[in-house]
Amino acid sequence: MMKVPSKIFSLLQIFTLLYLFTVTFASTEEAISLLKWKATLQNQNSSLLVSWTQSSKACKDWHGVVCFNGRVNKLDIADASVIGTLYDFPFSSLPFLKYVDLSMNQLFGTIPPEISKLTNLVYLDLSFNQISGTIPPQIGLLAKLQTLHISGNHLNGSIPEDIGYLRSLTELDLSNNSLNGSIPASLGNLNNLSLLCLYDNYLSGSIHKEIGYLSSLTELDLSSNFLNGSIPASLGNLHSLSLLYLYGNQLSGSIPEEIGHLRTLNGLELSNNFLTGSIPSSLGNLTNLSLLYLFANQLSGSIPKEIGYLSSLTDLELSINLLSGSIPTSLGNLTSLSRLYLNNNHLSGPISSSLGNLGNLSVLYLYANEFSGPIPSELGNLKNLNNMQLSFNQLNGSIPTSFGNLKNLRYLFLQSNNLIGEIPSSICILISLEVLYLGRNNFQGEIQQCLDNISGLQVMKIAYNNLSGGIPSSICNLTSLRILDLTRNNLNGVIPQCFGNMGGHLEVLDIHNNNLSGTLPNTFSIGSVLRSIDLYDNQLWGKIPRSLANCKELQVLDLGDNHLSDTFPLWLGILPNLTVLSLRSNKLHGPIRTSRDENMFPELRIIDLSYNAFTGNLSTTLFQQLKAMRIIDQTTKLPTYLGKVGERDYNDSVTVATKGLELELSKILTVYTIIDLSSNKFEGHIPSIMGDLIALRVLNLSHNELQGHIPLSLGNLSVVESLDLSFNQLSGEVPQQLAALTSLAFLNLSHNHLQGCIPLGPQFATFQNNSYEGNDGLRGFPVSRGCGSIWIPETNYTDYALDDKESTSEFLHDFQKAALMGYGSGLCIGLFIMYFMISTGNLKWLARIIEGLEHKRRKKKQRDQRDYKRRNNRF
């Protein structure tokens, strides 16, 4: 064994000592720099960086710090509860840093340009923080960088072209930010890129064809931006691509045939764009495809039969397009298919029985098409199905009894078809059913008693059919039922008393437009969650049950068009959420009793007591309590409707009289405010306090015995659209203040004792004589020409003061009448007579005609002036 000379050995020891000293000094310097950064953080003692102390070893004891040869090589403090900025991060003190993961913290502020000093950086992840500002172009100096993830922040501005210089980059994820501008063409230089995710930004412009030359790309996600133009055919060159997501943009044109070359593609999502043309048959080559989403475009033509060759497909979503033709039988080959969405198209013909082969299908959406014929019994083979929606088609025949096999079915939608027959008892076997929609068909017979077997049923809507018989009391056993809608059938008999005991779970009870008789249930219990009760247009009698006061969640109560005999139910005023109260067309009577409690009817926005026998004066106290009608909500820009937010199963409706018409509001806008007290026996004056109800849209006090003047305060109703005070005994003048109601579209003051001048104004110029008829004392436009000065919209004519210019104009007008005798004999004859008179030079005939017309005009003027004076003397 050779001996190392002592001098050489000594030199080695010296070099080793120097190296150890240098490494120790350097690692100490790095540790000190990191501690300085930690000191700037807001929660340094509560984050996982609590292990970073001066007394511990950085490379051994510090959380997330990994060293190589004594130098900090890796910093992984993802999800470490770090709160702070990168402004004091020691970029220049960590020259050997290769791996940095600061994701899932609460870093804010911007990315400092000094990040470019980490020249050895290979991996950088700043995702899911609160970083804002722009991406510094200096990031393009990190030549060794392979992974760059900055998703889930608040970055704005454009993507720097400099990122295209990172030739080693394999993953670029800038998704879920607020980046704008176009996608830099320089990204086409990143030949090693396998992942490119820019989704959920505000990027615009076209997709550069150069993206199609990134041959290593396996995942391309540009979804949820504002990209436009066509899909470049060059994307068909990405033969390693497994995911192509371009949905949620503004892309147009057709789907390139070249997409069918992507044999490794697993997911293709092009939905929510403006794509046109047909679905390329070449997509049938994508045998590895499991997800195909093309919904919400403008695709037309038929569904290619080649789609049926995609044996790996689990999700096929082609809804909301313009597709036509029938369902290809080849879709029955997609035995791996779990979800099939073909709704909202123009597909027609019978539903293919081959769909019964899709044994793994859980969702089948065929609604809103033009399918006809019977429902195939083969659909009863889909034992894994939990959601079937065939609504809004032209299907006929009966419900197949084979549906009793669908034991996993939770949602069954068959409404708005032409289905007939009875509701089969096999429905009662669907023990998993939660939602049942059978409305708007032609079902007959009685409601099945056995429906109480479906213990989990939450929504049952069988409205708009021809069902007869009584309502089975067994429905009360459905302890999960939230919505019961049996509207517009021929049901008779009484409402089961036990319905009042369902208040612990039942939210909507709608049985309007039937032939039900008897009294209302009087067992509404404390703690009821009933939100809407609609029993309009039946034959119910008796009193309004006081137990309704227990329904504290009640928003809509419609008992109109029945035979109820009672006084005004003042006690309903304690219901804190009551918004709609309709008691119209009953036998209610007596005065409107009120309470001094200021909290009565706090949310009431629609009250309809019309067509009853109420008497006495209009209650000033009641109008004082209607607080919801005193405020115009200007915060809500989008229309909102009564009911739960996001409630898709039921829309409240109410029948009202507005603008002279009776109509059913199928949805009730929250801003719609109505008072209808018409067709009663109210007397006395109209309270001036009604002018404080500035949110009113409709006010109808017609067909009563009201007296006195129209309150000037009604001019405060700035959003009122319909005002009907007809058939009363009102007197005095029409207030000029009403002319300021620019939203007023309907006015009826007829059949009163009003007098004086009709106000002048742009809205009043649109009302016809029938708005004022039966008021002999009214004058002015449009009922007469005399009211001090005539007012005709958009003109400046004065009353009967025709100057020479006007006389000349009228003369020429009459002359044209004479010349153009085509009124009775045709235009050609009139022109011939005119030509003959002028060409012969004999104008005496013409002069006699003109003289006669002028005489007639003078006589008419004199007669009008006499009438005008006579009317003025009268008033």
Which label fits Tyr365 and Tyr341: parallel for a plane angle under 30°, tilted from 30 to 60°, or perpendicular past 60°?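 Perpendicular.
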Could you grab the distance from atom CG of Leu49 to atom CG of Leu34, nearest 0.5 Å is fine?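 Leu49 CG to Leu34 CG: 9.5 Å, rounded to 0.5 Å.
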Distance, nearest 0.5 Å, that separates CD1 of Ile135 from CG of Leu179: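 Going from CD1 on Ile135 over to CG on Leu179, the span is 5.0 Å.
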For [X] and [Y], which heavy atoms make the closest approach, and how far apart are they?
X: Leu142; Y: Ile115; value: CD2-O, 3.5 Å
X: Arg263; Y: Leu286; value: N-CD2, 4.3 Å
X: Thr264; Y: His239; value: OG1-O, 3.0 Å

Can you confirm whether the side chains of [X] and [Y] place a donor and an acceptor under 3.5 Å from each other?
X: Ser338; Y: Thr314; answer: no
X: Ser132; Y: Gln130; answer: no
X: Glu306; Y: Ser281; answer: no

Please list every donor-acceptor pair under 3.5 Å in which a side-chain atom of residues 205-217 meets a protein atom from a residue at least two apart or in another chain.
unit_1	atom_1	unit_2	atom_2	d
His208	NE2	Ile183	O	2.7
Ser216	OG	Asn191	O	3.2

Are there over 12 heavy-atom neighbours, none belonging to Phe68, within less than 6.0 Å of that residue's CZ?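 Count not over threshold, so no.
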I need the full list of ring-ring contact (aromatic ring centres under 6.0 Å, His included) pairs touching residues 120-146, with sequence neighbours left out, sorted by first then second residue.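 The answer is Tyr99-Tyr123.
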Backbone of Leu409 reached by a side-chain donor or acceptor of Asn386 within 3.5 Å: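 The answer is no, because no donor-acceptor pair under 3.5 Å joins these two groups.
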